[in-house]
Visitor: 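Submitted below is the structure of interest, expressed as structure tokens.
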Amino acid sequence: MSPKGEGMDIRSKKTRESIENCFLELLRKNHVSKITVSEICGMADINRATFYKHFYDLKELQNTMEDKVLSDLKSFLESRAFSSNGTYLSMLIELLNHMKEYGGKYYVLCSENAASDLPSRTFQLLYSLSFPILQQKFYPSDDHKAEMLYNFISHGSGIILSTWLRSNCKESVEEVAAFIMDSSCAVVEASLNREKEVR
């Protein structure tokens with residue numbers, strides 16, 4: 001690649017970052033439905049053609065940013081080595097510490113203004129990496145019930161996460177992690193006990 005080509009790549013990357021930063025700044029104060037491409041272009045000092053060169057529309061912009069957050073988070077979690085004991089809790093604490101450290105972007109993308117399911121998607125990622133034992137606790141004929149339980153816990157945890165971020169991480173990481181851990185285990189245990197009663 002020529003030096004000129006490399007320069008174009010750098011400028012393109014900076015333009016995308018500027019667009020994303022302007023979107024986040026607007027999202028802090030306005031619901032996503034009220035944000036326009038024109039506003040972002042004005043803040044980023046670019047024309048509309050430049051915006052559309054990088055993103056099809058605002059929805060693609062938001063989805064791209066959320067996907068990048070989840071991709072970075074997945075890489076972060078997968079880079080950690082966990083023992084077989086306490087894997088879920090260990091990853092949960094790592095997750096909350098990571099999100100607290102980079103809370104600015106998470107806070108905005110998980111806020112009510114974003115109207116996004118990112119909090120739930122975050123915990124779905126966590127469960128897929130660290131809690132496969134949940135599905136193994138059910139008999140093969142109960143795969144659908146295991147999936148419902150999985151969704152119930154991940155969506156509930158997602159609400160706790162978004163509330164925690166909106167409160168500027170008022171509670172400690174350990175406190176939130178312990179609550180989610182205890183609540184998740186209680187739900188699983190109650191479901192298993194119910195299964196035994198039915199059988």
Side-chain angles (χ1 to χ4, degrees), residues 1-78 92 94-129 150-171 173 176 180:
M1 180 180 293
S2 66
K4 181 178 179 180
E6 291 177 4
M8 289 295 291
D9 287 341
I10 293 174
R11 286 196 294 272
S12 180
K13 181 179 179 181
K14 288 184 176 180
T15 299
R16 287 178 67 94
E17 289 177 350
S18 178
I19 291 172
E20 292 177 358
N21 289 335
C22 290
F23 176 70
L24 284 176
E25 187 60 32
L26 289 168
L27 197 58
R28 292 178 191 276
K29 305 173 184 177
N30 307 284
H31 191 272
V32 65
S33 63
K34 304 297 182 182
I35 299 174
T36 66
V37 172
S38 295
E39 284 182 293
I40 293 176
C41 291
M43 288 183 66
D45 195 24
I46 60 174
N47 56 45
R48 293 174 65 88
T50 299
F51 176 92
Y52 290 117
K53 178 181 178 182
H54 295 277
F55 303 101
Y56 180 77
D57 56 17
L58 289 176
K59 186 62 178 176
E60 184 186 27
L61 168 59
Q62 183 175 358
N63 288 342
T64 298
M65 294 177 69
E66 292 182 3
D67 289 345
K68 179 64 164 56
V69 164
L70 289 175
S71 177
D72 290 346
L73 183 59
K74 182 178 181 180
S75 297
F76 172 83
L77 291 174
E78 287 180 337
L92 181 56
E94 289 276 6
L95 168 69
L96 295 180
N97 276 320
H98 179 72
M99 298 187 79
K100 184 176 181 179
E101 182 177 355
Y102 299 97
K105 181 178 291 187
Y106 280 115
Y107 167 80
V108 178
L109 292 175
C110 290
S111 69
E112 293 179 355
N113 281 346
S116 167
D117 64 348
L118 180 58
S120 295
R121 292 176 66 197
T122 298
F123 273 90
Q124 286 170 357
L125 169 63
L126 176 67
Y127 275 84
S128 69
L129 292 174
Y150 176 96
N151 289 330
F152 179 83
I153 294 174
S154 62
H155 283 282
S157 298
I159 292 174
I160 293 172
L161 167 64
S162 58
T163 302
W164 181 63
L165 290 173
R166 286 199 297 270
S167 71
N168 198 27
C169 305
K170 181 179 178 181
E171 296 85 7
V173 165
V176 176
I180 293 175

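Predicted model, so just to flag it, every value in this text is computed and none were measured.
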Visitor: In terms of side-chain heavy atoms, does N47 have a donor or acceptor partner in T50 at a distance below 3.5 Å?
Guide: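 Yes - a donor-acceptor pair under 3.5 Å links their side chains.
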
Visitor: So F51 and D57, do their side chains get closer than 4.5 Å, heavy atoms only?
Guide: no

Visitor: Are I35 and I40 side-chain neighbours, meaning at least one heavy-atom pair lies under 4.5 Å?
Guide: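 The answer is yes, as the side chains (C-beta and beyond) meet within the 4.5 Å cut-off.
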
Visitor: Does L24 form a side-chain contact (heavy atoms from CB on, under 4.5 Å) with M65? I'd like the steps, not just the answer.
Guide: CA-CA 10 Å; L24 284 176; M65 294 177 69; 3.5 Å; yes

Visitor: Look at the side chain of E60 and the backbone N and O of Y56, then say whether any donor-acceptor pair between them is shorter than 3.5 Å.
Guide: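 Yes, because the side chain of E60 sits within donor-acceptor range (under 3.5 Å) of the backbone of Y56.
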
Visitor: Is a donor on one side and an acceptor on the other found under 3.5 Å between the side chain of S18 and the backbone of T15?
Guide: no

Visitor: Is there a side-chain contact between V32 and L27 in this structure, where contact means two heavy atoms from C-beta onward sitting under 4.5 Å apart?
Guide: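 Result yes, sub-4.5 Å side-chain heavy-atom pair found.
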
Visitor: Is the OH atom of Y52 crowded by more than 12 outside heavy atoms at less than 6.0 Å?
Guide: yes

Visitor: Is there a donor-acceptor pair under 3.5 Å between the side chain of E39 and the backbone N or O of T36?
Guide: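 Side chain of E39 to backbone of T36, a donor-acceptor pair under 3.5 Å: yes, one is there.
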
Visitor: Does some side-chain heavy atom of L70 sit less than 4.5 Å from a side-chain heavy atom of L118?
Guide: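 Yes, at least one pair of side-chain atoms sits under 4.5 Å.
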
Visitor: So, do W164 and K170 sit near enough that their side-chain heavy atoms are less than 4.5 Å apart?
Guide: no

Visitor: Is the shortest side-chain heavy-atom distance between K34 and L26 below 4.5 Å?
Guide: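 Side-chain contact under 4.5 Å: no.
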
Visitor: Which heavy atom in C41 sits nearest to a heavy atom in R48, and how many Å separate them?
Guide: SG-CA, 3.8 Å

Visitor: For the residue pair V37 and F55, establish whether any side-chain heavy-atom pair is separated by less than 4.5 Å.
Guide: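 They are not in side-chain contact.
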
